[in-house]
Structure formats: structure tokens, C-alpha cells
Amino acid sequence: MDFDYTKSNGSLEFSKDTVFLDTIFSNIGSSTYTLKVYNRSSTDISIPTIQLKNGDNSRYRLNVDGVGGQLFSDTPLYAQDSLYIFVETTADIGNTDTKEFLNTDAIQFDKENHLQEVQLVTLVKDAIFLYPERFLNGERETIVLDIKESGEEIKVEGFQLGPDQLNFTKDRPYVIYGYAAVPEGKTLNIEAGTRVHFHKDSGILVKENASLYIKGELSEDRSLLENEVIFEGDRLESNYSDIPGQWGSIWISKGSINNKIEYLTIKNATVGILVQGDNNLVETTLSLKNSQIYNSENANLWAKTAVIRSENLVLGAAGNISLYCNQGGDYSFIHTTIANYWKYGFRSGAALLLDNATLSGGSSNDLKRADFKNCIIYGSNPNELNLVKEENSAFNFYFENCLLKFKNKSENELYNFENTAHYDNILLNLDPEFTSPIQNDFMIRENSSAFGAGNLATAQLVPLDILGADRTKNPSLGAYEVIFTE
């Protein structure tokens, strides 16, 4: 059947007058964005041309009602109907000193007197790309990430950082494909303000006798975090800003010591930091200060038989456990906020899990110490503390001046909150009144039960909170001092 169409006369309407394609890295394709074109008239029309203004020189790609291209002729559009145009872009910043530029173009509808345009705008950033070598057979370089108890090697795509790649600076962001391994005997130094982005299933592996030193600093702007070091995925579009599991983990291998992290933000990983200790429980595996980890698909911080010293730490939402101290170890957490408000479905794990068992069962390791002082352990589940003890090894833990959520009754002596060998000055099931816990904002206000509940002697060990506020007079629990509203 033939239909009669009237040529459009410049009266098309659009869902937006400018399509902003967010920010992308050089040579990494954008997400797909949608523009709707409306024919509000009572007449079936034909759009003579739909094209990109820059033609063959355009960095954009169009798909009009399922057909890809840059120029479309005589596109029909029924009366009171609409059509979809999908827009993507990939741009090369080129061999210039420019660190970012605006990639612009326009979609043109018809010509001359009936010409209508919708603008296209994308910010393109330059970056330093680190990735494994591709061999002639098409396969990529691999490294051994871990060894199973059976002796089987776990191999992943990855590469070893070279001598000239062991100092990350804030000059340009880094984009890592696969696992970047810090060689034995070397240290990866990351300066304040550095941004590191990871592709799917990518991360950093700190090998035996290697170290990671992250030297972030306090920022003046809490939204920009200009001096913090930030680890996140390589998709910069706004709809990826809080999607968990976009990349792998920071993996600190057994035998790695003297890892130091200050003012680091980790978000949207699978496991934020995985720390494998060597069970000697003598030298510090990881010192972790003034940092925050949230939106990890599995766990934010998972430590196995490790030695961790931490202060002013925020561990937010995770798909299972926010802090997992596993297979024993030696841990000290001062002024830490552990708060799991996972919003992506059911969560079986508690915000905090301590155990001294091995994954395969049948054996255990000493939990030499697990001290939590002036801390908050809370979340959206009834019980946010889980203690699993194997009788054949030590299981030493102590909570002092902590706010804990544990609402279900338990006959297990481990949860006897009156036992001063394990618990002292505990606030049980009192709402900490976080500012916006679903958004991983765990600042507190003056109506919080955590306000002024800290032990002063402990607070004086960490005299400033994670934002640099003084806490030596009337210390609150957790990483944040109270905010006073006028």
C-alpha cells in the first residue's frame, strides 16, 4: 500500500534541544543516548534529510529507527507520532598538549528555510592508558593473581608495571585494563589528586615484597575531592556513577607489607581492597587512614590473616559485607564508620564479620586482636555484627565506646554486650542519624546518639576527623564529628 507524505516544513519538535553525552576518555566509546523527534501535526510527513552537520568529519554516530549512518533521506514520520534517534561518539584527543576538549556537532533536519538543529556536546579527556600486551595470536598477556589451596594458579589478563610507571601523578587520569602488578621489591607511589579508572575486571595487584603508597590529602571541596586519590570505573557517564561491580579490586598479596593509604576514595568495585596477610602477625600489612570505600559488589574491605591499622575510615554500602576480617589476623579500627545500606536487593552479610576460620574449613588461624574504638557499626539489616569462632584458635575482639546494631536476641555468649572482656560503653540499636545513608553520606548531626559518645583518650590519638574537624573536646563516634546547624 502506498502512502502520501507531506514534506516537513520546519515544525518538528524534539525531546531536547541539546544532547549532552557526558564525559568520555579519548578513544573510549560513549554510552548510547536517545533523542525523540515528534510530529505534532495531523499530517503524515517525510523528513527530506537527517544528517550530522560535520558530515564525514563528525566524531558522532547516528541510528535512526534501527538504521545506522550519518545521512538519512526521506524518513517518514506519521501524524501525532515520534521516531527515535540514537547517538554515540568516540573521539581521539590526538597528539596535543590539550588535556580535554569539547567535542561538538549537530543533527540537522532538512535544509535552508526549514533547517532545524539539535546540538551534540561531549567533553573528551586525555588519559594515560595502561594495559597488557597483545600477542600475535590475539591473546593478551596474563599474570598470576592468586594460588588456590589446591595449588591451582588463578590467572587473569594483566601486566607488570615498568620502572617508569611506578609514580602516578595528578597531571592526567590513568585508565587501567587488566591487573597492573607492582613488581616484587618495588613501591607504587600515587600522589594527591590522582584519578585512576579501571576497566571491567581490572585492578591493581601488589605482589609479595612490593608496596602501595597512596598519598592523598584533605580536600577543601567535599564534592570535588580535589586532593583525594579516587579509584573508580572507566565509564564517566552520570548513569554509571553509583553502579557496583564495574571493576575488580586492589589486591594486596601475601607477603606484601608496609602498604600505606591516606585520603583514598574507592567506589563501584567488586571488592574494594583485598588484603592477604602471611599469618606472622608482626609487621603491618596495611595502614589505612582518612579514606572511604563504598558500593562494592561483594565487600568493601576484605582482610585475610592480615595486620591492619586504621583510623578515620568510612566503609559504606556493599553487596555482602562491608568489612570482613577473615581467617584471623590483627586489626585496630579507631573512629571508623561501618554502615551498610545496600539498595540493590537482598543482602545476607552483616556490615561487619569477624572470623578465625579458613575458607575450606577444618582449620583456623588466631584472631590475635580485633579492636574497635569510637566506632559505628550500623546498617539496614536487623543485625550488623557477625562473629564466627572456631574453638581451636584464639578469637580476641573488643568494642569500646561503639554504637552497634544487633536487634535479634542471641544465646551465643559472643553477643553478651554486658561482658566487659569484649564490650565497654556500648550504645546498642540507637539510630546514628546519618545525613543520607542511602547515598553513602554518613555525616552526623547534633541529634545523633553518636554525638559526644566517644572516649576522649582514644579521640586524642586521632585529634582530627576525616574532614579535618577537631575532636579533642567532645568527640563523637565514627569518622565524622558532628555538624551543627544554625
Side-chain angles (χ1 to χ4, degrees), residues 145-152 154 208 249-257 270-286 288 293 296-310 315 318-333 336 338 340 342 346-372 375 377 379 381-399 402 404-406 408 410-417 419 421-423:
L145 190 61
D146 196 15
I147 300 176
K148 297 181 180 179
E149 292 184 5
S150 64
E152 179 186 355
I154 301 174
E208 182 179 0
S249 179
I250 305 306
W251 192 304
I252 298 176
S253 299
K254 184 182 298 184
S256 170
I257 59 174
T270 300
V271 175
I273 304 178
L274 175 62
V275 189
Q276 294 179 306
D278 58 9
N279 204 25
N280 65 21
L281 304 185
V282 175
E283 297 181 271
T284 299
T285 316
L286 173 63
L288 183 57
I293 311 173
S296 298
E297 189 174 50
N298 189 344
N300 289 319
L301 176 57
W302 184 357
K304 299 180 179 182
T305 325
V307 180
I308 294 180
R309 302 288 178 257
S310 180
L315 299 173
N320 191 16
I321 304 161
S322 196
L323 172 59
Y324 188 9
C325 297
N326 175 218
Q327 302 180 28
D330 186 338
Y331 308 101
S332 172
F333 291 88
T336 293
I338 307 168
N340 198 345
W342 183 251
F346 176 74
R347 166 173 63 92
S348 60
L352 170 61
L353 170 57
L354 305 178
D355 72 34
N356 61 351
T358 60
L359 291 177
S360 59
S363 62
S364 56
N365 294 317
D366 286 342
L367 182 61
K368 181 179 178 181
R369 172 174 58 158
D371 286 352
F372 296 84
C375 295
I377 298 96
N381 283 354
N383 293 347
E384 294 293 5
L385 174 64
N386 190 6
L387 306 172
V388 180
K389 176 183 178 182
E390 290 288 338
E391 296 296 338
N392 295 328
S393 296
F395 194 72
N396 299 310
F397 66 92
Y398 184 62
F399 294 87
C402 289
L404 298 173
K405 187 177 184 182
F406 194 92
N408 294 344
S410 175
E411 299 299 322
N412 190 330
E413 182 63 22
L414 295 175
Y415 303 105
N416 178 4
F417 298 107
N419 182 354
H422 294 304
Y423 303 96

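We count residues from 1, following the sequence as given. Just so you know, these numbers come straight off a predicted model, no measurement behind them.
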K.L.:
Can you list the steps and then say if N383 with K405 is a side chain to side chain contact (heavy atoms under 4.5 Å, CB included)?
P.N.:
CA-CA 6 Å; N383 293 347; K405 187 177 184 182; over 6 Å; no
K.L.:
Is the distance between the ring centroids of F397 and H422 under 6.0 Å?
P.N.:
yes
K.L.:
For E391, give me all partners under salt bridge (Lys or Arg N to Asp or Glu O under 4.0 Å), at least two apart in sequence or on another chain.
P.N.:
K389
K.L.:
Of all heavy-atom pairs between E390 and S364, which one has the smallest distance, and what is that distance?
P.N.:
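Reported closest heavy-atom pair: CB-CB, 3.7 Å.
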K.L.:
With sequence neighbours left out, write down each residue that passes side-chain contact (heavy atoms from CB on, under 4.5 Å) with S296, or none if nothing qualifies.
P.N.:
A269, I293, N300
K.L.:
So, using side chain to side chain donor-acceptor pair (under 3.5 Å) as the criterion, who are the partners of N280 when residues are at least two apart?
P.N.:
D278
K.L.:
Does a side-chain heavy-atom distance below 4.5 Å link N340 with I338?
P.N.:
no
K.L.:
Would you give the length of the straight line joining atom OG of S249 to atom CD1 of I273, rounded to the nearest 0.5 angstrom?
P.N.:
8.0 Å
K.L.:
How close do S310 and T336 get, heavy atom to heavy atom, and via which atoms?
P.N.:
OG-OG1, 4.3 Å
K.L.:
Listed by chain and number, what are the side chain to side chain donor-acceptor pair (under 3.5 Å) partners of D146, not counting sequence neighbours?
P.N.:
Q276
K.L.:
Looking at every heavy atom in both N320 and S348, which two are closest together, and how far apart are they?
P.N.:
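Taking N320 first and S348 second, the nearest heavy atoms are OD1-OG, 3.6 Å.
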K.L.:
If the condition is side chain to side chain donor-acceptor pair (under 3.5 Å), which residues does S256 pass it with, not counting sequence neighbours?
P.N.:
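So S256 forms a side chain to side chain donor-acceptor pair (under 3.5 Å) with N259.
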K.L.:
When rounded to the nearest 0.5 angstrom, what distance separates CG in N419 from CG in L414?
P.N.:
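Reported to 0.5 Å precision, the distance equals 9.5 Å.
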K.L.:
The criterion is side-chain contact (heavy atoms from CB on, under 4.5 Å); which residues satisfy it with L352, sequence neighbours excluded?
P.N.:
L323, L354, F372, I377, L385, F399
K.L.:
Report yes if some heavy atom in the side chain of F333 is under 4.5 Å from a heavy atom in the side chain of I308; otherwise report no.
P.N.:
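They are in contact (side-chain heavy atoms under 4.5 Å apart), so the answer is yes.
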K.L.:
Are N396 and D371 packed together at the side-chain level, in the sense that at least one heavy-atom pair is separated by less than 4.5 angstrom?
P.N.:
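SC-SC contact between N396 and D371 ruled out.
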K.L.:
What distance separates N381 CG from W342 CH2, expressed to the nearest 0.5 Å?
P.N.:
12.5 Å
K.L.:
Which heavy-atom pair separates L353 from Y324 by the least distance, and what is that distance?
P.N.:
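In terms of heavy atoms, the two residues are closest at CD2-CE1, 3.3 Å.
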K.L.:
Working note: F395 + V388, criterion side chain to side chain contact (heavy atoms under 4.5 Å, CB included); need CA distance, chi angles, decisive distance, verdict.
P.N.:
CA-CA 9 Å; F395 194 72; V388 180; 5.8 Å; no
K.L.:
Can any side-chain N or O of T284 pair as donor or acceptor with the backbone N or O of L286 at less than 3.5 Å?
P.N.:
no
K.L.:
Do I147 and I154 have side-chain heavy atoms sitting under 4.5 Å apart?
P.N.:
no
K.L.:
Please name all residues satisfying ring-ring contact (aromatic ring centres under 6.0 Å, His included) with F417, sequence neighbours left out, ordered by chain then number.
P.N.:
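By the ring-ring contact (aromatic ring centres under 6.0 Å, His included) rule, F417 matches F406, Y423.
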K.L.:
Quick check: do Y398 and S332 have side-chain heavy atoms less than 4.5 Å from each other?
P.N.:
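No. Closest side-chain heavy atoms not under 4.5 Å.
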K.L.:
Mind checking whether N326 and W302 have side chains closer than 4.5 Å, heavy atoms only?
P.N.:
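Side-chain contact under 4.5 Å: yes.
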K.L.:
Kindly write out the residues that satisfy side-chain contact (heavy atoms from CB on, under 4.5 Å) with T270, not counting sequence neighbours, or none if the list is empty.
P.N.:
E297
K.L.:
Is there a donor-acceptor contact under 3.5 Å linking the side chains of N356 and N365?
P.N.:
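Short answer, no.
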K.L.:
What distance do E208 atom CD and I252 atom CD1 have between them, rounded to the nearest 0.5 Å?
P.N.:
14.0 Å
K.L.:
The criterion is side chain to side chain donor-acceptor pair (under 3.5 Å); which residues satisfy it with D330, sequence neighbours excluded?
P.N.:
R309, R369
K.L.:
For A350, give me all partners under side-chain contact (heavy atoms from CB on, under 4.5 Å), at least two apart in sequence or on another chain.
P.N.:
E384, N386
K.L.:
For E283, what residues pass the salt bridge (Lys or Arg N to Asp or Glu O under 4.0 Å) criterion, not counting sequence neighbours?
P.N.:
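Checked E283 against salt bridge (Lys or Arg N to Asp or Glu O under 4.0 Å); zero matches.
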K.L.:
Is the backbone of Q327 close enough, under 3.5 Å, to the side chain of T305 for a donor and an acceptor to pair up by distance?
P.N.:
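Yes, T305 side chain to Q327 backbone: donor-acceptor pair under 3.5 Å.
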